[in-house]
K.L.:
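So that we are looking at the same thing, I have put the structure below in structure tokens.
The figures that follow rest on heavy atoms only: side chains count, while hydrogens, waters and symmetry mates do not. Residue numbers begin at 1 in each chain, while the letters A, B, ... track the order of the sequences. Note that the structure is a prediction, hence the values are computed from the model and not measured.
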Amino acid sequence: MTLIIGKKVESLTQTLIEHGSDEVIFVENDRLEEYLVLPFTSIFTQLIKERNPEIALFAATTSGRELAPRIGMRTSSGVTADCTGLEIGEYISKKEQVIYTPILESRRPTYGESKLATILGFVCPQVSTARAGTFEVPERVVGRKGITTPFKPNLDEKDFVVEVIKTVRGEGGLQNLFDADLIVSGGRGTTTDSLGLIKQLAEALKSQGINAEWACSRPVVDEGITEYARQVGQTGKTVRPKIYIAVGISGAIQHIAGMKESGTVIAINQNPKASIFNNADFGIIGNYQDILPELIERVKSGYTFGLEAKK
Amino acid sequence: MALTIISLVKQVPLPSEMRMGEDGLMDRTKAKSIINIDCQFGLEAGLQLLKQHPDARLIVCSMGPGSFEAALRSAVAMGYDEAYLLSDRKLGGSDTYATGLAIATMLKHLGFTKDSKEPFIILAGRQTSDGDTAHVPSQVAEKIGIPQATFVESVKSDGTNNVVAKRIIEGGYQLMNLPMPCVISLTPTGIPPRKQSLSGAIKARNLQITTFGIDDIGLGTEKIGISGSPTIVAKVVNMVSERPPITLAEGHNEVALVDSLIANLAKGGNVLEKKEAVEKKEVDRPDFPNKDF
Ligand SMILES: Cc1cc2nc3c(=O)[nH]c(=O)nc-3n(C[C@H](O)[C@H](O)[C@H](O)COP(=O)(O)OP(=O)(O)OC[C@H]3O[C@@H](n4cnc5c(N)ncnc54)[C@H](O)[C@@H]3O)c2cc1C
């Protein structure tokens with residue numbers, strides 16, 4: 001069951017059903033075109049009261065990460081943040097001599113991503129936020145059938161005291177990094193030419209009809225060479241392309257956290273001891289300024305890393 | 001009516017360039033303690049508000065063990081006036097819900113409620129480096145019953161009872177107008193936190209920190225600590241690299257190396273196989289009744 005709130009959202013309900021929702025509940029309201037935490041909290045809580053779901057999931061976006069805890073406080077539920085895994089399991093309570101089942105097991109990395117913790121909630125709904133990019137979008141089944149239900153919440157004028165003066169969205173936050181088939185990512189080691197060769201490789205692949213994008217590690221953003229939206233890692237984006245090419249990236253855990261779900265990882269680094277080589281499938285030890293021009297030539301003459309070109 | 005500026009801070013281990021040790025674990029033992037970076041930006045944002053509200057009262061609050069007094073003193077050395085610490089053994093093991101509840105209860109006890117006659121603003125860090133949830137500011141705002149803006153880079157007062165916050169969103173930002181009282185959580189991208197001043201350091205040294213236990217603020221034990229928190233950490237496992245060992249290209253120049261890489265890729269085989277990271281230990285499933293909740 002999915003809840004969608006906004007202006008002119010009814011037309012989106014079928015898309016949600018085709019991606020796997022059995023029922024889409026929609027709140028159509030012109031005043032809710034922009035997300036606002038107070039009315040959204042109120043609407044979700046009203047629906048939770050009416051339908052009593054066991055689980056409530058939100059995206060771990062800047063809105064989901066404030067909305068979920070605000071709702072959780074109102075429903076007395078705990079919230080698990082930024083999950084990279086969600087499963088249904090059971091919990092044996094020796095103290096109470098009962099088995100809680102079914103229960104939501106929310107997994108999230110802790111201690112700078114070196115450990116994975118499983119968090120359980122004992123108050124329904126069990127609330128979690130899911131990290132963007134870590135879960136696959138369920139495949140679309142065109143023509144799939146489901147129920148759409150309009151929902152008319154009671155809205156309190158007091159929930160509209162905060163006014164959004166304006167909203168500015170740049171390059172769409174580079175959402176295409178989430179669906180690129182191949183990502184070429186440059187680290188501090190590639191700042192010598194300000195990621196020029198990285199961009200060229202990505203461009204060459206695009207010219208071959210490959211859905212390619214380029215990204216970077218944090219120091220590259222810190223040095224002001226690229227915008228934050230391109231950062232991959234714990235405090236950047238989590239991506240899962242079919243192929244991830246890490247160039248001049250040492251492989252710090254905070255970076256690995258953002259790309260370890262990639263299909264095939266190729267590492268290019270001049271330091272044979274760089275830990276990126278422990279987190280990659282294929283690699284070249286060498287200077288990127290030698291290797292990349294050669295690789296770019298191959299791509300220009302038709303090499304596409306085994307990916308099929310889209311016209 | 002003077003404004004009260006309240007900063008919430010947490011003390012955390014210094015997140016020095018954390019790297020994985022030989023054993024695949026993070027080395028946290030040597031870390032010394034600091035005020036969580038995001039909270040430092042919150043402290044600075046509070047001090048910036050003094051420009052429009054020069055007679056504001058500046059207070060800093062924290063919840064945690066007695067050692068957190070160090071963080072409170074640092075905040076005072078930066079320019080804050082009063083410090084409050086909520087410290088009680090019974091709070092140990094609290095999850096974010098219980099933490100938000102406890103902090104909100106302390107603030108209400110200090111007279112900061114949604115119906116307060118005097119305006120106030122609560123500033124916090126976006127998230128902490130050791131918890132990384134970003135929950136507590138929202139939970140505090142909800143429990144007190146006031147509006148919020150999180151992931152805020154800068155906050156300005158118009159000199160009246162409203163503030164304008166610049167909230168960072170995916171790929172852009174929003175400007176929003178909030179009435180006080182409200183809660184604002186700050187990202188570490190705004191105005192950098194100032195250094196301690198000499199006079200501040202002297203003030204901090206002589207500071208009397210007010211410490212509360214849960215009884216002092218009228219907080220019961222039902223919803224706090226390990227047993228009262230709605231969530232628990234059921235288990236923690238080390239993350240293992242799911243990738244088989246790497247296949248490195250061979251060759252003496254870039255042409256040969258790239259040829260070798262392409263040949264290796266064509267052979268394939270070395271792709272991510274999602275193996276069950278944790279081997280499921282067969283636990284004896286006791287004969288307890290199932291509880292559907
Ligand atoms: C709380 C926290 C959050 C963080 N979040 C992130 C995050 O989201 N994303 C992120 O990426 N980092 C993050 N970091 C930083 C992370 O710890 C590392 O510092 C960072 O990933 C290192 O980036 P790098 O690999 O590009 O640079 P370096 O570690 O400096 O590595 C550069 C590499 O380039 C190689 N090199 C140099 N010259 C060449 C050449 N000519 N040819 C080939 N190779 C060359 C070197 O051998 C080296 O391996 C975070 C850190 C903390 C503490």
K.L.:
Tell me which of these, A:A267, A:S106, A:A60, A:A81, has more heavy-atom pairs under 4.5 Å with chain B than the rest.
P.N.:
A:A81

K.L.:
Between NE2 of B:H135 and OG1 of A:T80, what distance do you get to the nearest 0.5 Å?
P.N.:
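B:H135 NE2 to A:T80 OG1: 7.5 Å, rounded to 0.5 Å.
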
K.L.:
Decide yes or no for A:Y303 and B:L265: does some side-chain heavy atom of the first lie under 4.5 Å from some side-chain heavy atom of the second?
P.N.:
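A:Y303 reaches B:L265 side chain to side chain.
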
K.L.:
In the structure I gave you, are the side-chain heavy atoms of A:K166 and B:Y173 within less than 4.5 Å of one another anywhere?
P.N.:
yes

K.L.:
Could you have a look at A:A68, A:A132, A:P69 and say which one has the most heavy-atom pairs with chain B under 4.5 angstrom?
P.N.:
A:P69

K.L.:
If you measure from OG1 on A:T41 to CD on B:Q148, what distance do you get to the nearest 0.5 Å?
P.N.:
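Here the interatomic distance stands at 7.0 Å.
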
K.L.:
Looking at B:L261 and A:G283, what are the two nearest heavy atoms and their distance?
P.N.:
CD1-N, 4.3 Å

K.L.:
Answer yes or no: are there more than 12 heavy-atom neighbours, outside B:D287 itself, under 6.0 Å from its atom CG?
P.N.:
no

K.L.:
Kindly determine whether A:L116 and B:V236 satisfy side chain to side chain contact (heavy atoms under 4.5 Å, CB included), including the steps that lead there.
P.N.:
CA-CA 6 Å; A:L116 197 61; B:V236 177; over 6 Å; no

K.L.:
Please give me the minimum heavy-atom distance between A:S76 and B:P230, naming the atom from each residue.
P.N.:
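Where A:S76 meets B:P230 most closely, the heavy atoms are O-CB, 3.9 Å.
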
K.L.:
Considering residues, nucleotides and ligands other than B:K108, do more than 12 of their heavy atoms fall under 6.0 Å from its NZ?
P.N.:
yes

K.L.:
Could I get the full list of side chain to side chain contact (heavy atoms under 4.5 Å, CB included) partners for B:E254, not counting sequence neighbours?
P.N.:
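B:E254 satisfies side chain to side chain contact (heavy atoms under 4.5 Å, CB included) with A:D290, A:I291, A:E294 once adjacent residues are dropped.
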
K.L.:
Just do the side chain to side chain contact (heavy atoms under 4.5 Å, CB included) check on B:Q139 and A:R70 with the steps written out, would you?
P.N.:
CA-CA 5 Å; B:Q139 287 161 327; A:R70 184 122 198 173; over 6 Å; no

K.L.:
State, yes or no, whether a side-chain contact exists between A:E163 and B:L175 at a heavy-atom distance under 4.5 Å.
P.N.:
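Contact flag for A:E163/B:L175 side chains = no.
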
K.L.:
Given side chain to side chain contact (heavy atoms under 4.5 Å, CB included), test A:Q97 with B:K291 step by step and report yes or no.
P.N.:
CA-CA 10 Å; A:Q97 305 245 317; B:K291 181 165 175 177; over 6 Å; no

K.L.:
Counting C-beta onward and ignoring hydrogens, is there a side-chain heavy-atom pair between B:P244 and A:D281 closer than 4.5 Å?
P.N.:
yes

K.L.:
Under 4.5 Å heavy-atom distance to chain B, tell me which part of A:I243 shows up: side chain, backbone, both or neither.
P.N.:
neither

K.L.:
Working to the nearest 0.5 Å, report the span between OG of B:S129 and CD of A:Q234.
P.N.:
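Answer rounded to 0.5 Å: 9.5 Å.
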
K.L.:
Would you mind reporting whether B:T231 and A:Q126 have side-chain heavy atoms less than 4.5 Å apart?
P.N.:
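Of all side-chain heavy-atom pairs linking B:T231 with A:Q126, none is under 4.5 Å.
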
K.L.:
Ignoring hydrogens, what is the shortest heavy-atom contact between B:P286 and A:I92? Give both atom names and the distance.
P.N.:
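Smallest interatomic distance, heavy atoms only, reads CG-CG2, 3.4 Å.
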
K.L.:
Salt bridge check, B:D132 against A:R108: does any charged N sit closer than 4.0 Å to a carboxylate O?
P.N.:
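So A:R108 does not pair with B:D132 through a salt bridge.
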
K.L.:
Distance-only, no hydrogens or angles: does the A:R65 side chain make a donor-acceptor pair with backbone N or O of B:T133 under 3.5 Å?
P.N.:
yes

K.L.:
Side-chain contact test, heavy atoms from C-beta onward, threshold under 4.5 Å: evaluate it for A:F282 versus B:L248 and give yes or no.
P.N.:
no

K.L.:
Is there a side chain to side chain contact (heavy atoms under 4.5 Å, CB included) between B:Y97 and A:V79 once you walk through the steps?
P.N.:
CA-CA 7 Å; B:Y97 171 94; A:V79 181; over 6 Å; no

K.L.:
Tell me, for A:E66 versus chain B, whether the close heavy atoms (under 4.5 Å) come from the side chain, the backbone, both or neither.
P.N.:
both

K.L.:
Would one find more than 12 heavy atoms of other residues, nucleotides or ligands at under 6.0 Å from atom CD1 of A:I88?
P.N.:
yes

K.L.:
Between A:I119, A:L120, A:I103, which shows the greatest number of heavy-atom pairs under 4.5 Å with chain B?
P.N.:
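Highest number of pairs under 4.5 Å: A:L120.
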
K.L.:
Sequence neighbours left out, what passes side chain to side chain contact (heavy atoms under 4.5 Å, CB included) with B:I169? Give chain and number order.
P.N.:
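With sequence neighbours excluded, B:I169 shows a side chain to side chain contact (heavy atoms under 4.5 Å, CB included) to A:T62, A:T167, A:R169, B:R167, B:Q174, given in chain and number order.
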
